[in-house]
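To keep things clear, I will list the structure first and then write my remarks on it.
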Amino acid sequence: MTVRTRVAPSPTGDPHVGTAYIALFNRVFASQHGGQFILRIEDTDQVRSTAQSEAMILDSLRWLGLEWDEGPDIGGDFGPYRQSERSHLYKEHAERLVASGHAFHCYRTPEELDELRNARKAAGKHSALKPSDLKLEADEIERRKAANAPYVIRMEVPEEGRCEVEDLLRGTIELDWGQVDAQILMKSDGMPTYHLANVVDDHLMQITHVIRGEEWINSAPKHKLLYQFFGWEMPVLCHMPLLRNPDKSKLSKRKNPTSINYYKRMGFLPEAVVNYLGRMGWSMPAEQEKFTLQEMTEQFDIQRVSLGGPVFDTVKLSWLNGLWIRESLTVQQLATKFREWAFNEDYLMQILPQIHSRLEVLSDVAKLADFFVAGLLPVQPEQFEFTKLEPEQVRKVLQFCVWRFETQPDWDKEVIHHSLTVLSVAMGLKLKDFMMPLFVAVSGRTTAPSIMDAMAILGSDMTRARLRFALELLGGASKKETKAWDKQYRVIEF
């Protein structure tokens, strides 16, 4: 048997370190067994998926050295490797399940679904909806069908009992069928859900081992059932422990920078980031902390993965990155890395036009452009004291901008300008006054080259990190403020 593993990210935002973490262990496991590692793009969410996000995922994984054997950009024998290009396969398999009695057309409306869930809760039952809850009488189905009412395809699931799932790290896992809903397989827009698409793709692409995050454990019974319905052999499942913040909560961008682009922009070495991700729940036999991707592959034993939630600590990562800089780079290599990081021609040609008209001597570049090549800035609370803004307004401006930029799909000056203009109007502030906290948070000063140009150049990751840093410096938002501000923010139309 040829070992085949995969990583299947969704191109709906910044490339996440969690994606890199799972990709690393899949690649190492496949390489150690002489197998193949596949990259598949899960872009069935047509509203949120973007080509820009897909490109960032590919670029970031390549920056880390996590190359794949088959994928959307290089092809392979089991393509296409974008789920949006495989929709005919999912429709065919979904209808096959309907024909075999393992799935059904569900015409229930959102309002009816809410009523059914509330009724189950009132009866003291799990909120997971079962086929017996959802199925309508035959004449009602025909009536809705004749009216061209929208429908989804749902899978049949047991009403009660226990499901046993085998896991490479955890052994036998028992899960209660009572908590498993009649999962939607095909949405009303004709696109598949994660559950159907991944089972179909993993089988057709001959995936032998599914190494994924432990958040998918509760979905394993549905996947096992689908394999049984189709009469297919199920791949070996291996659920990796989730990355955690230092406070043990699930790693999230609200508490820790999670975008690979952020660490690249900060000046971390890709070798160090991969090294650190490799230490997330796993250790070398000799317990050495610094090792290469090749060394990890040679020494890898998946049974050495610890199920305790590994803590993603940026302080520890910085320490390890320092080791790599000092121990693995000659001065000449360091100079090359430094040029590639910040003083490459492409980046300089974005920065220099911003300061060109202000230069008198070349040494002015250092003081005018320092924030373009810095990480988090040493700003102080007193820098945010403005005559035209109250302290609460300053924090609110920063919070609204963070919320907007976390969900803004595109990142260029025009889009940034539009977002900030809408926010300033919504807050009843002149744009000039609204921008003052941003000048300080992003550039470390009250006057700078066009701050919107600066944000576009710095990128969304670094911009958001500096805004969050400034917000925390000023005390953040209280629970009461967060609740009130969130209510105000949600009604803003961009």
Side-chain angles (χ1 to χ4, degrees), residues 6-24 26 38-64 66 68 71-73 80-87 90 152 183-202 210 212-216 219 240 242-243 250-265 312 401-412 415-416 418-419 456 459-465 467-468 489-490 492-494:
R6 52 78 170 170
V7 67
S10 298
T12 56
D14 299 321
H16 199 281
V17 291
T19 298
Y21 163 64
I22 295 299
L24 169 62
N26 274 279
I38 292 86
L39 172 64
R40 190 170 69 223
I41 298 295
E42 292 184 355
D43 59 347
T44 55
D45 186 340
Q46 294 292 283
V47 175
R48 298 172 60 225
S49 296
T50 67
Q52 179 186 29
S53 180
E54 178 184 319
M56 288 194 296
I57 290 171
L58 271 60
D59 290 345
S60 62
L61 292 179
R62 280 217 168 90
W63 176 70
L64 293 170
L66 302 178
W68 46 95
D73 56 333
Y81 294 90
R82 293 184 185 89
Q83 288 186 337
S84 61
E85 298 171 4
R86 301 170 63 84
S87 57
Y90 311 131
V152 299
Q183 176 65 52
I184 295 175
L185 301 178
M186 292 289 289
K187 294 176 283 189
S188 58
D189 63 0
M191 295 301 285
T193 61
Y194 167 90
H195 306 278
L196 176 66
N198 274 271
V199 166
V200 170
D201 287 345
D202 285 345
V210 173
R212 61 190 182 188
E214 65 184 351
E215 69 267 31
W216 296 108
S219 296
M240 296 290 292
L242 289 177
L243 300 182
K250 180 182 176 181
L251 186 67
S252 67
K253 60 187 177 183
R254 295 188 183 276
K255 293 188 176 182
N256 229 342
T258 58
S259 172
I260 301 169
N261 288 340
Y262 168 81
Y263 295 96
K264 183 178 181 180
R265 181 65 193 83
F312 191 89
C401 289
V402 168
W403 283 338
R404 175 54 183 162
F405 292 157
E406 283 177 345
T407 59
Q408 184 168 292
D410 299 314
W411 194 257
D412 57 50
V415 175
I416 294 169
H418 172 74
S419 292
S460 63
D461 307 283
M462 183 58 70
T463 298
R464 290 199 313 270
L467 293 175
R468 281 195 295 266
Y489 177 81
R490 288 180 181 276
I492 299 174
E493 295 184 3
F494 292 96

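Just so you know, these numbers use all the heavy atoms, side chains as well, and skip hydrogens, waters and symmetry mates. Numbering of residues begins at 1 and proceeds along the displayed sequence.
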- Message: Quick check for you: to the nearest 0.5 Å, what is the distance between Gln183 atom CD and Ser219 atom OG?
- Response: 7.0 Å
- Taken to the nearest 0.5 Å, the spacing of Ile57 CD1 from Ser10 OG works out to 7.5 Å
- Task: Compare every heavy atom of Thr463 with every heavy atom of Gly459, then report the nearest pair and how far apart it is.
- Result: O-OG1, 2.8 Å
- Item | Working for side-chain contact (heavy atoms from CB on, under 4.5 Å), residues Val210 and Arg6 | CA-CA 7 Å; Val210 173; Arg6 52 78 170 170; 3.5 Å; yes
- Item | salt_bridge(Glu214, Lys250) N-O dist < 4.0 Å | no
- Of all heavy-atom pairs between Cys401 and Leu467, which one has the smallest distance, and what is that distance? CB-CD1, 4.0 Å
- Message: We want to know whether Ser460 and Gln408 form a side-chain donor-acceptor pair, criterion being a heavy-atom distance below 3.5 angstrom.
- Response: no
- Supply the atom-to-atom distance Leu66 CG to Leu39 CG, rounded to the nearest 0.5 angstrom. 10.5 Å
- How close do Asn198 and Ala8 get, heavy atom to heavy atom, and via which atoms? OD1-CB, 4.3 Å
- Item | Worked verdict on Tyr194 versus Trp216 for ring-ring contact (aromatic ring centres under 6.0 Å, His included) | CA-CA 11 Å; Tyr194 167 90; Trp216 296 108; 4.0 Å; yes
- Given the rule in the side-chain contact (heavy atoms from CB on, under 4.5 Å) test, do Ile416 and Trp411 qualify, once you have shown the distances and angles that lead to the verdict? CA-CA 7 Å; Ile416 294 169; Trp411 194 257; 3.7 Å; yes
- Minimal non-hydrogen separation, Val415 against Asp410, with atom names: CG1-O, 3.8 Å
- Message: Below 30° counts as parallel, above 60° as perpendicular, anything between as tilted: where do the rings of Phe494 and Tyr489 land?
- Response: tilted
- Message: Could you check whether any side-chain heavy atom of Ser259 comes within less than 4.5 Å of a side-chain heavy atom of Val17, counting everything from C-beta outward?
- Response: no
- Message: For Ile184, is there any backbone N or O sitting under 3.5 Å from a side-chain donor or acceptor partner on Thr193?
- Response: yes
- Query: Excluding sequence neighbours, so at least two apart, what forms salt bridge (Lys or Arg N to Asp or Glu O under 4.0 Å) with Glu54?
  - Reply: Arg82
- Any donor-acceptor N/O pair, Asp43 side chain to Ser49 backbone, under 3.5 Å: no
- Message: Please check: side-chain N/O of Tyr263 versus main-chain N/O of Pro257, any donor-acceptor pairing under 3.5 Å?
- Response: yes
- Note on the structure: Separation between CG (Asp14) and CE (Met56), nearest 0.5 Å, reads 5.0 Å
- Message: Quick check: closest heavy atoms across Trp68 and Leu58, and the distance to 0.1 Å?
- Response: CH2-O, 3.6 Å
- Note on the structure: d(Tyr90 OH, Gln83 CD) to nearest 0.5 Å is 4.0 Å
- Item | Heavy-atom donor-acceptor pair, Arg86 side chain to Pro80 backbone, under 3.5 Å | yes
- Message: Quick check against the 3.5 Å criterion: does Ser188 have a side-chain atom that pairs as donor or acceptor with the backbone of Val152?
- Response: no
- The reported gap from CG in Asp412 to NE2 in His418 (rounded to nearest 0.5 angstrom) is 11.5 Å
- Is the closest basic N to carboxylate O distance between Lys264 and Asp461 below 4.0 Å? no
- Taking all non-hydrogen atoms of both residues, which atom of Ile260 and which atom of His16 are closest, and how far apart? CD1-O, 3.6 Å
